[in-house]
Amino acid sequence: MPSAAVSHPPLRVALLGCGVVGTQVARLLTQEAEDLAARVGARLELVGIAVRDAAAPRDPVIDRALLTEDAEALVERADIVVEVMGGIESARALLLRAIGAGAAVVTANKALLAEDGPTLYRAADDAGVDIYFEAAVAGAIPIVRPVRESLAGDHVRRVLGIVNGTTNYVLDQMTSTGAGLAEAVKEAQDLGYAEADPTADVEGYDAAAKAAILASLAFHTRVSLEDVAREGIMAVTADDVAWAAQTGHVIKLLAIAELHDGGGDRSAGSAAEGVSVRVHPALVPTSHPLAGVRGSFNAVFVEAQSAGELMFYGRGAGGSPTASAVLGDVVSAARHRVLGGKGPQESTYAELPILPATAAVTRYQVRLAVDDRPGVLAQVAQALAAHGVSIEAVRQPTAPEVQSTGAADLPTAGLAQLVITTHAAPESALAATVASVAELEPVRAVTSVLRVEGA
Ligand code: HSE
């Protein structure tokens with residue numbers, strides 16, 4: 001039994017939302033009360049749980065006497081407000097009200113932070129209260145605190161993240177079973193990994209919100225959801241996945257935030273200096289640590305100037321894992337109430353320009369269905385060369401399992417598939433190159449264009 005001295009008056013904790021995560025936060029606050037009190041130096045007293053319908057069925061772990069439909073009144077009588085209800089408008093209004101009333105706030109709301117975090121950060125700063133949001137990015141994985149605090153003395157160069165468990169599960173199933181996308185999404189829904197409406201996950205919105213938050217922290221620059229170039233997984237085919245395996249890759253939905261240093265001399269203020277943030281499916285070499293992130297797990301790979309390469313891995317969703325991150329934030333905010341002090345505020349001093357996705361420089365793998373006759377490869381190579389895109393490797397598969405052209409509406413007789421991997425080239429050059437290759441007479445289809453990351 002914990003025995004540390006607890007002399008400070010209890011701290012009142014209000015919980016907004018009682019879904020999968022909220023239920024686990026309430027459970028931990030109750031079941032771990034003694035340990036939490038010993039760690040904080042004050043008891044954490046759950047004073048209310050705001051819900052839309054107080055009469056709805058709840059997990060028995062919830063003390064129904066704490067339920068209230070009056071969230072506004074609840075936040076006024078709390079020292080720490082925990083928001084796990086989601087949504088934008090009412091979550092923002094309640095958090096601002098809580099901050100205005102002098103409460104510290106803890107939120108898991110990635111969509112709100114990616115859309116309008118600065119309003120909340122400014123309000124918290126003006127009020128001199130803490131705002132913590134570890135659970136907003138990659139669930140249980142400590143990544144906000146490491147980037148914001150542990151790496152505060154370093155320069156982050158690049159962040160590569162698998163930050164959406166649903167899509168990682170879907171792509172992993174396609175890789176391990178050969179299933180098509182629709183089948184894998186259906187299975188994810190049956191297992192409860194994917195929502196009935198999986199749009200936020202499969203179209204990359206969830207990952208883009210997390211990418212914006214990570215990029216803001218990593219580069220001390222405001223990045224919002226609209227700054228993130230986004231492409232989901234809906235165009236990924238079983239054929240793409242099979243080809244990835246043939247060439248020593250796996251396909252992952254990556255959130256990528258990169259610093260472009262304008263040619264190596266930051267003081268020169270080159271026009272290309274800035275930050276680019278994108279979410280898209282990518283080929284990851286099987287030798288890269290991110291390739292081993294299976295199922296619904298998340299991982300964030302950080303490249304920093306002095307620290308070098310770091311990887312953070314774990315559960316990115318689910319009630320208990322996300323509640324773990326929330327409780328860590330509650331303890332931090334509570335310690336400040338007891339001992340004084342305040343957590344870090346928003347850091348945007350760098351104010352780097354946000355570059356368009358076309359600023360990205362990446363390797364590509366392009367698959368083409370072409371007429372199988374002499375000179376075709378030369379024509380294709382010439383088209384790439386004309387755009388300054390250098391070829392790293394060309395494969396023309398002969399094994400029966402990869403004979404398909406990959407284009408469903410094309411016969412395979414007389415056609416061949418070319419798989420071209422390029423050296424790093426600007427995204428803008430690639431788009432023009434693919435367009436000109438597609439126009440070549442012997443090219444029947446550009447079957448797929450995928451970026452190669454993490455090489
Ligand atoms: N739906 C998200 C995921 C979890 O699949 O990872 C919450 O952000």
Side-chain angles (χ1 to χ4, degrees), residues 2 4-17 21-22 24-47 75 78-84 91 94-95 98-99 101-110 112-113 117 120-153 210 213-214 216-218 300 312 314-316 320-347:
V6 177
S7 54
H8 194 278
L11 294 168
R12 299 159 301 169
V13 179
L15 184 56
L16 307 179
V21 177
Q24 294 308 315
V25 171
R27 178 182 67 79
L28 289 171
L29 281 170
T30 309
Q31 293 179 357
E32 304 294 333
E34 301 304 323
D35 279 292
L36 291 169
R39 291 172 195 182
V40 167
R43 293 192 73 79
L44 300 180
E45 186 188 343
L46 183 57
V47 293
V75 302
D79 298 300
I80 300 169
V81 172
V82 176
E83 187 267 309
V84 287
L94 286 166
L95 287 175
I99 290 167
V105 297
V106 173
T107 177
N109 195 329
K110 71 222 82 174
L112 174 56
L113 293 175
L120 295 171
Y121 306 144
R122 201 177 313 115
D125 200 27
D126 290 348
V129 299
D130 281 334
I131 177 163
Y132 281 109
F133 48 90
E134 183 62 71
V137 182
I141 304 175
I143 184 64
V144 169
R145 201 172 263 99
V147 173
R148 188 156 73 150
E149 299 183 39
S150 314
L151 291 170
K210 293 165 180 168
I213 295 168
L214 282 178
S216 303
L217 296 171
V300 182
F312 303 82
R315 292 231 171 257
S320 291
T322 309
S324 165
V326 169
L327 262 287
D329 283 353
V330 169
V331 167
S332 292
R335 281 176 173 157
H336 288 142
R337 292 280 153 151
V338 172
L339 301 170
K342 193 178 150 321
Q345 59 201 57
E346 186 191 25
S347 167

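Source: prediction; values computed, not measured. Heads up: numbering here begins at 1 and tracks the sequence.
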Student check: side-chain heavy atoms of [X] and [Y] closer than 4.5 Å:
X      : Y      : answer
Leu113 : Tyr121 : yes
Val81  : Leu94  : no
Val105 : Val129 : no
Leu95  : Leu112 : yes
Ile141 : Glu134 : no

Distance in Å, [X] [atom1] paired with [Y] [atom2], rounded so as to fall on 0.5 Å steps:
X      : Y      : atom1 : atom2 : answer
Ile143 : Leu214 : CD1   : CG    : 6.0 Å
Asp35  : Leu44  : CG    : CG    : 11.5 Å
Phe133 : Arg148 : CZ    : CZ    : 4.5 Å
Ile80  : Leu29  : CD1   : CG    : 9.0 Å

Taking all heavy atoms of [X] and all of [Y], pick out the closest pair and write down the distance.
X      : Y      : result
Ala333 : Ala104 : CB-CB, 3.9 Å
His8   : Gly41  : CB-O, 3.2 Å
Gly17  : Val84  : O-CG2, 3.7 Å
Ala103 : Ala78  : CB-O, 3.6 Å
Pro344 : Tyr132 : CD-OH, 4.4 Å
Ala135 : Asp329 : N-OD2, 4.3 Å

- Message: Test side-chain contact (heavy atoms from CB on, under 4.5 Å) on Ser320 and Arg27; report intermediate values, then the result.
- Response: CA-CA 9 Å; Ser320 291; Arg27 178 182 67 79; 3.4 Å; yes
- Query: Should Ile213 and Lys110 be marked as a side-chain contact (heavy atoms from CB on, under 4.5 Å) after you check the CA-CA gap, both sets of side-chain angles, and the distance that decides it?
  - Reply: CA-CA 8 Å; Ile213 295 168; Lys110 71 222 82 174; 3.9 Å; yes
- Message: Using modelled atom types and a 3.5 Å cut-off, is there a donor and acceptor pairing between side-chain atoms of Arg39 and backbone atoms of Arg335?
- Response: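 Here the side-chain-to-backbone pair does not exist.
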- Message: Main chain of Leu11, side chain of Asp79: is a donor-acceptor contact present, judged purely on distance under 3.5 Å?
- Response: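 Checked: no pair found.
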- CZ/Arg145: more than 12 non-hydrogen atoms of other groups inside 6.0 Å: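 Counting other residues, nucleotides and ligands, CZ of Arg145 exceeds 12 neighbours.
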- Message: Test of understanding: with ring pair (Phe, Tyr, Trp, His ring centres under 6.0 Å), list the residues that count as partners of Phe312, not counting sequence neighbours.
- Response: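 Testing Phe312 for ring pair (Phe, Tyr, Trp, His ring centres under 6.0 Å), a comparison that skips the adjacent residues, returns none.
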- Message: Please enumerate all residues that pass salt bridge (Lys or Arg N to Asp or Glu O under 4.0 Å) together with Asp130, with sequence neighbours excluded.
- Response: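 Partners of Asp130 by the salt bridge (Lys or Arg N to Asp or Glu O under 4.0 Å) criterion come out as none, since no residue qualifies.
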- Item | Arg43/Glu34 under side-chain contact (heavy atoms from CB on, under 4.5 Å): CA gap, chis, key distance, verdict | CA-CA 8 Å; Arg43 293 192 73 79; Glu34 301 304 323; 3.2 Å; yes
- Item | Steps toward side-chain contact (heavy atoms from CB on, under 4.5 Å) verdict (Arg122, Glu346) | CA-CA 8 Å; Arg122 201 177 313 115; Glu346 186 191 25; over 6 Å; no
